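Every chain is numbered from 1, with letters handed out A, B, ... down the list of sequences. What you see is a predicted model, and the numbers here were worked out from it, not measured in a lab.
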Amino acid sequence: MSSAREQVLARIRAALGRGELDPARTTELRDRIAMHRRHIEPAFDETPRQRFRQKLEAAEASFVELDTLDAVAAEIERYLEAHGAEKRIATSGDELLHAIDWPASIDAQPWVAGSDHRVSVTAAYCGIAETGSLLLVSGEKNPTRLNFLPDYHIVVIEAKQLVLRMEDAWDSLRASTKQMPRSVNFISGPSKTADVEQTVEYGAHGPRCLHVILVG
Amino acid sequence: MQPNSRHFQANAESALREPNLQSALKQLESGFVAGRQRCYDALPEFEALRDRAKEVLDHTLDNLDAYLLEYEARVLESGGLVHWAGTPEEAREIVIRICRDAEAKNVIRGKSMIGEEIGINDALEASGFEVTETDLGEYILQLGKEPPSHIVAPAIHKTKDEISDLFLEHHRDLGFTKRQTERSALVNEARQVLREKFLAADVGMTGANFLIAETGSNVIVTNEGNGDLSSTLPRVQIVTAAIDKVVPTLEDASLLLRLLGRSATGQEITAYTTFTTGPRRERDADGPGEYHVVLIDNHRSEMLGSELRPMLRCIRCGACMNHCPVYGRVGGHAYGWVYPGPMGSVLTPLMVGLDEAGHLPNACTLNGRCETVCPVKIPLPNLLRSLRSRQHLQRQNSSLARIALSLWSWVALRPRLYQLLTRPAMTLLARLGASSGGFRNMPFASGWTRVRDLPAPQGSTFQARWQQQQRDRK
């Protein structure tokens with residue numbers, strides 16, 4: 001008896017009225033994949049920076065712009081105080097965050113297993129202007145859970161990391177790694193749900209608040 | 001779930017008498033429908049995107065076997081496993097076997113329609129696993145032991161009061177003894193209860209909005225972040241996905257993502273769009289150690305070989321039901337199975353049988369609003385028409401309807417006879433109805449006049465007027 005795999009493939013081919021594709025056609029399809037052809041890319045009038053901020057703010061993320069990385073720690077402290085949040089934060093091991101000189105008043109711990117941190121600080125791989133999305137990728141120093149478990153998620157991103165569209169992010173990722181990272185998260189606002197009477201409430205399962213710090 | 005589609009008429013009649021359901025359905029217009037329209041108006045490229053999406057999906061379906069094999073190869077390269085299932089039974093067996101092999105106890109699920117389609121929750125529970133839905137809407141339904149009534153907003157029919165009661169009943173033992181009545185408090189309570197489930201889970205199950213042949217990734221689109229936690233925290237991840245979810249490249253997925261959120265909820269993009277590829281890498285800080293994909297056919301290959309192939313372009317946005325005047329009155333449960341509305345009226349007869357779901361292709365006024373808003377241009381009214389003619393050919397409609405249709409088609413194929421009969425009939429009806437403008441009762445058409453008036457015709461037939469107009473032009 002042939003396996004379910006062979007049966008499904010045979011049914012698909014029968015439905016398409018042909019047998020297995022010949023090698024030449026298969027090569028054509030692989031070439032189509034390798035071309036990474038882009039489709040219609042909607043135009044927008046704003047500058048990427050304006051658009052990025054506008055879209056994120058429209059999705060109820062908070063947003064600040066700082067000139068230099070030196071100012072990040074103070075901004076985070078201000079944010080935590082304003083929200084009455086504890087000054088104990090889990091940070092990802094991203095290189096951008098190494099440059100931050102944490103004051104003694106903030107207990108910044110590089111991420112360790114556990115789930116009791118209410119605040120996380122991570123760095124974005126890049127930012128997408130079109131949709132106002134932060135792109136975060138998993139890795140040795142970037143645990144994905146920091147993007148979803150805490151109540152407050154603070155993301156630091158440098159202005160030079162802004163790209164126009166999702167497609168630009170794909171090209172950038174392809175150039176920097178051989179293989180897709182295990183998790184690629186586009187984050188475009190705090191967690192929300194409209195499952196109770198079609199009315200939006202924030203903080204469903206992921207962070208209740210998303211704070212974006214754009215540097216440079 | 002057991003289909004209940006043969007009782008569509010009775011289901012619909014009782015739905016019309018439920019005031020809570022009626023007010024929830026009314027809200028669809030100001031919510032999803034208006035939201036989509038705003039997105040449509042703000043994006044001049046919308047129609048061009050629809051055309052291109054159709055083209056990409058048709059190309060993918062023409063080469064479905066090849067793209068599935070590419071996808072499979074990339075998943076294997078990334079350290080994941082791909083399991084193929086022809087039927088829901090096979091899919092359930094595969095999932096249960098994976099959970100047993102992993103010595104799992106607790107399974108959490110991110111919302112997926114294919115999970116509903118294959119009835120995975122009941123099967124897992126019957127095998128002794130504890131299953132928890134984590135999408136808030138699906139969780140509410142799991143507590144209430146109800147099926148979803150909308151593919152995007154599954155608990156759209158539940159009122160806040162009902163949710164308050166359900167939470168009190170099920171969360172009391174967990175220490176939540178106060179009956180919450182504020183929306184935010186209900187959401188927060190669910191967050192706390194489900195957070196424990198996330199942390200304790202051995203297996204996380206999600207669906208896939210898309211599968212990418214280029215990279216072996218699955219894509220999930222959520223606002224709550226539950227699918228993302230389900231993909232990240234447990235030690236085993238299982239993705240269940242239908243074979244028609246595959247697209248060639250990341251760029252192709254990006255194209256479809258521009259249409260999905262806008263068409264579904266009126267969002268340019270959802271809070272979270274996540275691409276997951278294989279298990280955690282050797283040096284990754286977190287992520288599941290095992291990554292399984294279950295690829296499910298369940299009659300899709302059959303659709304591929306029939307005139308219903310365009311249905312396989314569906315990206316499950318729900319726009320067709322949001323804009324459907326029938327769905328908008330009777331809601332999702334009346335349809336009696338997993339998929340409601342226009343898309344459900346095509347899928348259900350194929351998946352559970354035309355004999356069980358024969359009412360559904362007929363529960364349509366052929367107004368065409370669904371096709372107009374479909375982001376991938378599925379000709380839903382035509383597909384429903386084609387199911388009607390299947391019914392006719394398989395003699396599954398009533399004998400009265402068959403006789404009437406045969407008689408009508410016999411006459412309609414003879415233009416002179418047709419005109420000879422219709423002209424005097426229209427003149428007569430116009431005279432009879434002239435004073436009142438319509439008819440309260442009409443012999444042989446009581447099914448229509450019982451609940452609405454039949455407007456009186458204006459006098460002459462369309463053909464007669466057309467001929468008159470042509471003569472006048474000369």
Trainee: Is Phe32(B) in contact with chain A via its backbone, its side chain, both, or neither, using a 4.5 Å heavy-atom distance?
Mentor: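 No part of Phe32(B) comes within 4.5 Å of chain A.
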Trainee: Under a 4.5 Å heavy-atom cut-off, does chain A meet the side chain of His157(B), its backbone, both or neither?
Mentor: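 Contact with chain A: none, neither part.
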Trainee: Would you mind telling me which of Leu68(B), Leu43(B), Leu69(B) has the largest number of heavy-atom pairs within less than 4.5 Å of chain A?
Mentor: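 Among Leu68(B), Leu43(B), Leu69(B), the one with the most close pairs to chain A is Leu69(B).
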Trainee: Go through the atoms of Glu162(B) and report whether side chain, backbone, both or neither lie under 4.5 Å from a heavy atom of chain A.
Mentor: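 When you check distances to chain A, no heavy atom of Glu162(B) falls under 4.5 Å.
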Trainee: Which one of Gly278(B), Ala153(B), Gly216(B), Pro154(B) has the most heavy-atom pairs closer than 4.5 Å to chain A?
Mentor: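 Ranked by heavy-atom pairs under 4.5 Å with chain A, first place is Gly278(B).
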Trainee: Determine, for Glu86(A) against Arg118(A), whether the closest basic-nitrogen to carboxylate-oxygen distance falls under 4.0 angstrom.
Mentor: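 No.
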Trainee: Side chains of Thr265(B) and Gln267(B): is there a donor and an acceptor less than 3.5 Å apart?
Mentor: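 On atom types as modelled, these side chains qualify, holding a pair under 3.5 Å.
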Trainee: Distance check, rounded to the nearest 0.5 Å: Asp94(A) atom CG versus Asn142(A) atom CG?
Mentor: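 Answer for the CG-CG pair, Asp94(A) versus Asn142(A), is 5.0 Å.
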Trainee: Side chain, backbone, both or neither: which part of Gln192(B) has an atom under 4.5 Å from a heavy atom of chain A?
Mentor: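 The answer is neither part of Gln192(B).
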Trainee: Check each atom of Lys160(B) against the heavy atoms of chain A and say whether the ones under 4.5 Å are side chain, backbone, both or neither.
Mentor: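 Both backbone and side chain.
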Trainee: Heavy-atom pairs under 4.5 Å with chain A: which of Thr276(B), Thr273(B), Ile140(B) has the most?
Mentor: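 With the most close heavy-atom pairs to chain A, the winner is Thr273(B).
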Trainee: Pick from Ser183(A), Gly203(A), Ser138(A): which one has the most heavy-atom pairs with chain B under 4.5 Å?
Mentor: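 So the answer, after comparing Ser183(A), Gly203(A), Ser138(A), is Gly203(A).
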Trainee: With a 4.5 angstrom heavy-atom cut-off, which part of Pro207(A) approaches chain B: side chain, backbone, both or neither?
Mentor: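 Looking at Pro207(A), backbone and side chain both touch chain B.
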Trainee: Determine, stepwise, if the pair Trp84(B) / Tyr71(B) fulfils ring pair (Phe, Tyr, Trp, His ring centres under 6.0 Å).
Mentor: CA-CA 13 Å; Trp84(B) 299 66; Tyr71(B) 167 76; 8.9 Å; no
Trainee: Give, as side chain, backbone, both or neither, the part of Tyr67(B) having an atom under 4.5 angstrom from any heavy atom of chain A.
Mentor: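 For Tyr67(B), the side chain is the part near chain A, not the backbone.
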Trainee: Out of Leu29(A), Leu21(A), Thr131(A), return the one with the most heavy atom pairs under 4.5 angstrom to chain B.
Mentor: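 Ranked by heavy-atom pairs under 4.5 Å with chain B, first place is Leu29(A).
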Trainee: Less than 4.0 angstrom from a charged side-chain N to a carboxylate O is my criterion; do Arg191(B) and Asp151(A) meet it?
Mentor: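 A salt bridge links Arg191(B) with Asp151(A).
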Trainee: Taking the basic N atoms (NZ, or NE/NH1/NH2) and the acidic carboxylate oxygens, is any pair closer than 4.0 Å for Asp168(A) and Arg38(A)?
Mentor: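 Judged by the 4.0 Å cut-off on N to carboxylate O distance, Asp168(A) and Arg38(A) do form a salt bridge.
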Trainee: For residues Glu302(B) and His299(B), is any side-chain donor paired with an opposing acceptor at under 3.5 Å?
Mentor: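 On atom types as modelled, these side chains qualify, holding a pair under 3.5 Å.
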Trainee: Among Asp286(B), Val56(B), Thr277(B), which residue has the highest count of heavy-atom pairs closer than 4.5 Å to chain A?
Mentor: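 It is Asp286(B).
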Trainee: Where does Thr87(B) contact chain A at under 4.5 Å (heavy atoms): side chain, backbone, both or neither?
Mentor: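 Interface part for Thr87(B): neither.
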Trainee: What option among Glu60(A), Arg18(A), Glu20(A), Lys55(A) has the most heavy-atom pairs under 4.5 Å with chain B?
Mentor: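 Most heavy-atom pairs under 4.5 Å with chain B: Arg18(A).
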Trainee: At a 4.5 Å cut-off on heavy atoms, which part of Glu70(B) comes close to chain A: side chain, backbone, both, or neither?
Mentor: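 Answer is side chain: those atoms of Glu70(B) sit under 4.5 Å from chain A.
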Trainee: Chain B heavy atoms under 4.5 Å from Arg30(A): which part of the residue, side chain, backbone, both or neither?
Mentor: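 Arg30(A) touches chain B through side-chain heavy atoms alone.
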Trainee: If you count heavy-atom pairs under 4.5 Å between each of Gly31(B), Gly305(B), Ala285(B) and chain A, which one has the most?
Mentor: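 Most heavy-atom pairs within the cutoff with chain A belong to Ala285(B).
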Trainee: For the pair Arg174(A) and Asp171(A), find out whether any cationic side-chain nitrogen is under 4.0 Å from an anionic carboxylate oxygen.
Mentor: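 Here Arg174(A) pairs with Asp171(A) in a salt bridge, since their nearest N and O are under 4.0 Å apart.
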Trainee: Answer with side chain, backbone, both or neither: which region of Glu182(B) has an atom nearer than 4.5 Å to a non-hydrogen atom of chain A?
Mentor: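 When you check distances to chain A, no heavy atom of Glu182(B) falls under 4.5 Å.
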Trainee: Where do Thr270(B) and Asn223(B) land on the side-chain hydrogen bond (donor to acceptor under 3.5 Å, both in side chains) test, with the steps shown first?
Mentor: CA-CA 6 Å; Thr270(B) 50; Asn223(B) 279 309; 4.7 Å; no
Trainee: Less than 6.0 angstrom separating the ring centers of His205(A) and Phe198(B), yes or no?
Mentor: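 Ring-ring flag for His205(A)/Phe198(B): true, centres closer than 6.0 Å.
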Trainee: When you check the gap from the basic side-chain N to the acidic O, do Arg32(A) and Glu28(A) get nearer than 4.0 Å?
Mentor: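 Salt bridge: no.
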Trainee: Just to be sure I understand the criterion: a residue of residues 152-166 of chain A counts if one of its heavy atoms is under 4.5 Å from a heavy atom of chain B. Which ones qualify?
Mentor: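 Those residues of residues 152-166 of chain A which have a heavy atom under 4.5 Å from chain B are Arg165(A), Met166(A).
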Trainee: Non-hydrogen atoms of chain B under 4.5 Å away: do they reach the side chain of Arg13(A), the backbone, both or neither?
Mentor: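 The side chain, not the backbone.
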Trainee: Which bit of Arg309(B) comes within less than 4.5 Å of chain A, counting heavy atoms only: side chain, backbone, both or neither?
Mentor: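 For Arg309(B), the contact with chain A is made by the side chain alone.
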Trainee: Using a 6.0 Å distance limit plus a 45 degree cone around the ring axis, check whether Arg208(A) lies over the aromatic ring of Tyr202(A).
Mentor: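 Output no; distance or angle outside limits.
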Trainee: Does any heavy atom of chain B fall under 4.5 Å from the side chain of Ser133(A), the backbone, both, or neither of them?
Mentor: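 For Ser133(A), the contact with chain B is made by the side chain alone.
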Trainee: Name all residues meeting the side chain to side chain donor-acceptor pair (under 3.5 Å) criterion together with Gln198(A); count only those two or more places apart in sequence or in a different chain, and write none if there are none.
Mentor: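 Side chain to side chain donor-acceptor pair (under 3.5 Å) check on Gln198(A) returns nothing, list empty.
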Trainee: For the OH atom of Tyr291(B) and the OG atom of Ser78(B), what is their distance to the nearest 0.5 Å?
Mentor: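 The distance works out to 7.0 Å.
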Trainee: So that I can tick it off, tell me whether Asp284(B) and Lys141(A) are bridged by a salt bridge, with the cut-off set at under 4.0 angstrom between side-chain N and carboxylate O.
Mentor: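 Salt bridge flag = no for Asp284(B) with Lys141(A).
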Trainee: Could you tell me which portion of Ser231(B) (side chain, backbone, both or neither) has an atom closer than 4.5 angstrom to a non-hydrogen atom of chain A?
Mentor: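 Ser231(B) touches chain A through backbone and side-chain heavy atoms alike.
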Trainee: Taking the side chain as everything from C-beta on, heavy atoms only, tell me whether Phe186(A) gets closer than 4.5 Å to Ile128(A).
Mentor: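 Result yes, sub-4.5 Å side-chain heavy-atom pair found.
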Trainee: Where on Ala194(A) is there a heavy atom nearer than 4.5 Å to chain B: the side chain, the backbone, both, or neither?
Mentor: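 Nothing of Ala194(A), per the 4.5 Å heavy-atom cut-off to chain B.
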Trainee: Please flag which part of Leu136(B) lies under 4.5 Å from any non-hydrogen atom of chain A: side chain, backbone, both or neither.
Mentor: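 Contact with chain A involves both backbone and side-chain atoms of Leu136(B).
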Trainee: Counting heavy-atom pairs under 4.5 Å to chain B, which of Asn147(A), Leu136(A), Leu16(A) comes out on top?
Mentor: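 Result: the option with the highest number of such pairs is Leu16(A).
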Trainee: Can you say whether Ala85(B) sits under 4.5 Å from chain A via the side chain, the backbone, both, or neither, judging by heavy atoms?
Mentor: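 For Ala85(B), backbone heavy atoms alone lie under 4.5 Å from chain A.
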Trainee: Can you check whether Glu140(A) reaches Arg281(B) side chain to side chain, under 4.5 Å on heavy atoms?
Mentor: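 Not touching, per the 4.5 Å side-chain cut-off.
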Trainee: Can you tell which part of Glu201(A) gets under 4.5 Å to a heavy atom of chain B, answering side chain, backbone, both or neither?
Mentor: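 Just its side chain gets close to chain B.
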Trainee: Select, from Val219(B), Leu295(B), Thr159(B), the one with the greatest count of heavy-atom pairs under 4.5 Å involving chain A.
Mentor: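 Highest number of heavy-atom pairs under 4.5 Å: Thr159(B).
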Trainee: Where does Asn226(B) contact chain A at under 4.5 Å (heavy atoms): side chain, backbone, both or neither?
Mentor: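 For Asn226(B), backbone and side chain are both near chain A.
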Trainee: Are Glu189(B) and Arg183(B) ion-paired here, with the side-chain N under 4.0 Å from a carboxylate O?
Mentor: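 So Glu189(B) does not pair with Arg183(B) through a salt bridge.
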Trainee: Could Arg258(B) and Glu167(A) be called an ion pair, given the rule that one side-chain N must be under 4.0 Å from one carboxylate O?
Mentor: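 Salt bridge: yes.
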Trainee: For Phe44(A), does its backbone N or O pair with a side-chain atom of Arg51(A) as donor and acceptor, under 3.5 Å?
Mentor: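 Not at all, since once roles are kept as given, no pair shorter than 3.5 Å links the two residues.
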Trainee: Just checking, is any N or O donor in the side chain of Asp228(B) or Thr222(B) under 3.5 Å from an acceptor N or O on the other one?
Mentor: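 The answer is yes; a qualifying pair exists.
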